[in-house]
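The sequence lines fix the lettering, A, B, ..., with proteins before strands; numbering per chain opens at 1. Predicted model only: the values in this text are computed from it and were never measured.
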There are 2 protein chains.
Amino acid sequence: MTLSDVAREAGVSLATASRAINGSANRTVRADLRDRVLAAAAKLRYTPDANAQAMARGRTTSLGLVVHDIADPYFSSIAAGVTRAADRAGLQVTLASTQHDPSREAGLVDLLKRQRARAIVIAGGRLDDPSTTDELRDALADYKAVGGSAALIGQPVLGVDSVVVANAQGAADLARALHERGYRKFAILAGPEGHLTARERREAFVAALAELGTEVPDDAVVTSAFTHEGGEDAMRALLRSGPLPDVVWAVNDVMALGALAAARDVGVEVPRDVALAGFDDISTLRDVVPPLTTVRIPLVDIGIAATELALAEPSDEPRLTHVPTQVVLRDSTPQR
Amino acid sequence: MTLSDVAREAGVSLATASRAINGSANRTVRADLRDRVLAAAAKLRYTPDANAQAMARGRTTSLGLVVHDIADPYFSSIAAGVTRAADRAGLQVTLASTQHDPSREAGLVDLLKRQRARAIVIAGGRLDDPSTTDELRDALADYKAVGGSAALIGQPVLGVDSVVVANAQGAADLARALHERGYRKFAILAGPEGHLTARERREAFVAALAELGTEVPDDAVVTSAFTHEGGEDAMRALLRSGPLPDVVWAVNDVMALGALAAARDVGVEVPRDVALAGFDDISTLRDVVPPLTTVRIPLVDIGIAATELALAEPSDEPRLTHVPTQVVLRDSTPQR
DNA sequence: TTGTACGCGTTATCAC
DNA sequence: GTGATAACGCGTACAA
């Protein structure tokens, strides 16, 4: 089952067998010999050993993908894009999950470095936590030092190629659109304190409203985890805390869905009692009632873009791929 | 950055460096030497090359996972279980996607064989297509011939270890539960013609109803793709074809959600105008209104079970892990 | 306990 | 065009 076996069976040298099967660069093999080798390989059910090839060639054929939770529709859509792009490039995807623990990202990068993955795509959001960020930055630097290339989705804080989503733009557009629909009393489910994407969206949203003369009171901004459960918790807190706002905006869809569930649990109906909006336009939304207003990010395309970025020729300075966002107004935020 | 570099830096032999870093089996290294090696490794930012280790040891540390579409919540939940179990076993997960084309499964197994993955978990459903099945069976046989072990989720038709879901049991239970709630006129969104899981569920459902004296007319059983879109198509066909049944049952949740959307589009309301049920209890359901009656499968646990099965000591005959199902009655199928 | 040397399966370099 | 043979980075008998 090794190439030597095939070579012996075909009565040629190891080198010839290799060239016949792999189709070496400039060296070409005589037709009859090639046929004999191929026949022998088929007969012996020979499959090349990718590890050995990687050793000999000095490069692997695998690409790493780091996510927080593959069951989250946000990440699974990105993963779909990454697998598709990787497939086209002839690479295998190694899926690494932090299981919601951002501090594990650096360790996963190390693991992918061991594996000498050709490139790494990091899909998780950055946190405003110096030690975690530093660890990741170091891990990525080490990885690049051995010839790897990485791309991340989110804030380009690490000096690596990044796919940058127009979070601020989208959030501001959404704020204006909601204001235009007549909303004035806002509440925000803001996500975790130090989550950069959450912060970026929230700040832009608040700023856009301020420009329109509408303030969001501090006690109408509630922090929580960036998850479904976090959205539930935050919404429950909001519902307990006083009179309802006109509209609740969650900094991502998964949280908005959690909020929707929490509201439903206590008989608060969307949009009758309160309007609701999210961010991301995850595929789950197509099955949610009422249809949720959100800001669309092309998640699959982002996965593809990040993969292509990670696979591109290395450049001296970090490249950025900017991805536009688009407000999608749906029934959860009707005209007032 | 190779082990030789570390050995030289530490002033020891390659073998000693290897033993110090890897912590070899019975050989032990004197404390001071070990410290010197570790220090040198840290200083040089050395990371072992997993490929080289795999070559030398004769086994890799990667596990293959084959799905049809990672963005589908059914597969992404299974994937979450697989990654968790693999992580615990110290293995990396290689994600391979057929992009909805079952005939690609065999090719993906070959790819994972090249990579000499320790084990493979195949999550896609079997089709009643001899040539596709044969190809997969052959690919798996070849894979096992080189020492790999595989487990699949679904019908144990291939002579490999399998996680077997009690589809028939669950479907029959559901049929009886719906009958008990007063439903008599059924329609079934049956999925693709040759899809074994779909067939298994449908047949058990129909048989259970028959035992209760209720027949499902042939024209109330409509085939379609096993996807959201398939559910939409099938539901549309059903809505066009005549008077509404009491209840529509889709053989999986994703299709049921498609059906729900199709109904909504034409103003048919669930459960007021027609009741609706599914199968799987995918996590998406928590955000769907009305709450959908379904049959619960513990998807994450199945991923874990399949991984453990694939990683278990090889046995002479295929092992089966049986997974029970549980009917979950919700508002989409109220008492009549 | 430590070191030497071979082997893992393949590619690439060099003669022929 | 073909065939030896030296890498690739590491683990591990075997000898010391």
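Within the structure, every side-chain polar atom (N or O) of B/N51 is placed at least 4.0 Å from both OP1 and OP2 of D/dC10. OP1 or OP2 of C/dT2 has at least one side-chain nitrogen or oxygen of B/R30 nearer than 4.0 Å. Remark: B/N22 is in phosphate contact with D/dG11, judged by side-chain N or O atoms under 4.0 Å from OP1 or OP2. Contact annotation: A/Q53 reaches the phosphate of C/dT11 (side-chain N/O to OP1 or OP2, under 4.0 Å). Between D/dG3 and A/T16, a contact under 4.0 Å exists linking OP1 or OP2 to a side-chain N or O.
Taking only side-chain atoms of B/A15, from C-beta outward, the nucleotide of C/dG9, C/dG3, D/dT2 with the closest atom is C/dG3. Side chain of B/D49, nearest nucleotide from C/dT11, D/dG11, D/dG9: D/dG9. Closest to the A/R19 side chain, of the nucleotides D/dC10, C/dT13, C/dT2, is C/dT13.
Checked for salt-bridge contact, A/D87 and B/R104 meet the test: a charged N lies under 4.0 Å from a carboxylate O. Under a 4.0 Å N-O distance rule, the pair A/R126/A/E105 qualifies as a salt bridge.
Atom CG of A/L127 is separated from atom CG of A/L196 by 7.0 Å, given to the nearest 0.5 angstrom.
Note: CZ (B/R59) to C1' (D/dG11) measures 11 Å, nearest angstrom. In this structure, B/R8 atom CZ and D/dC10 atom P are separated by 12 Å, rounded to whole Å. Whole-Å rounding puts the A/M1 CE to C/dG9 C1' distance at 14 Å. Between the CE atom of B/M55 and the C1' atom of D/dA7 there is a distance of 13 Å, given to the nearest Å. In this structure, A/L3 places its CG atom 18 Å from P of C/dG7, rounding to the nearest Å. Rounded to an integer number of Å, the gap from CG of A/L14 to P of C/dT10 is 8 Å. The nearest whole Å value for the distance from the CG atom in B/D32 to the P atom in C/dT1 is 12 Å.
Contacts of A/L33 with the nucleic acid, taken as non-hydrogen atoms under 4.0 Å apart, involve only primed sugar atoms and P, OP1 or OP2.
Both A/R57 and B/S13 lie close to DNA chain C; mapped to their nearest nucleotides by heavy-atom distance, the more 5′-ward contact belongs to B/S13. For the pair A/A56 and B/A56, nearest-nucleotide mapping onto DNA chain C gives the more 5' position to B/A56.
One cannot find a donor-acceptor pair under 3.5 Å joining the base of D/dG1 and the side-chain atoms of A/R34.
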Q: Take A/D5 and A/R8 through the test salt bridge (Lys or Arg N to Asp or Glu O under 4.0 Å) and record every step on the way to the result.
A: CA-CA 5 Å; A/D5 298 330; A/R8 193 178 322 116; 3.6 Å; yes

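Put simply, the side chain of A/S149 gets close to the backbone of A/A310: a donor and an acceptor are under 3.5 Å apart.
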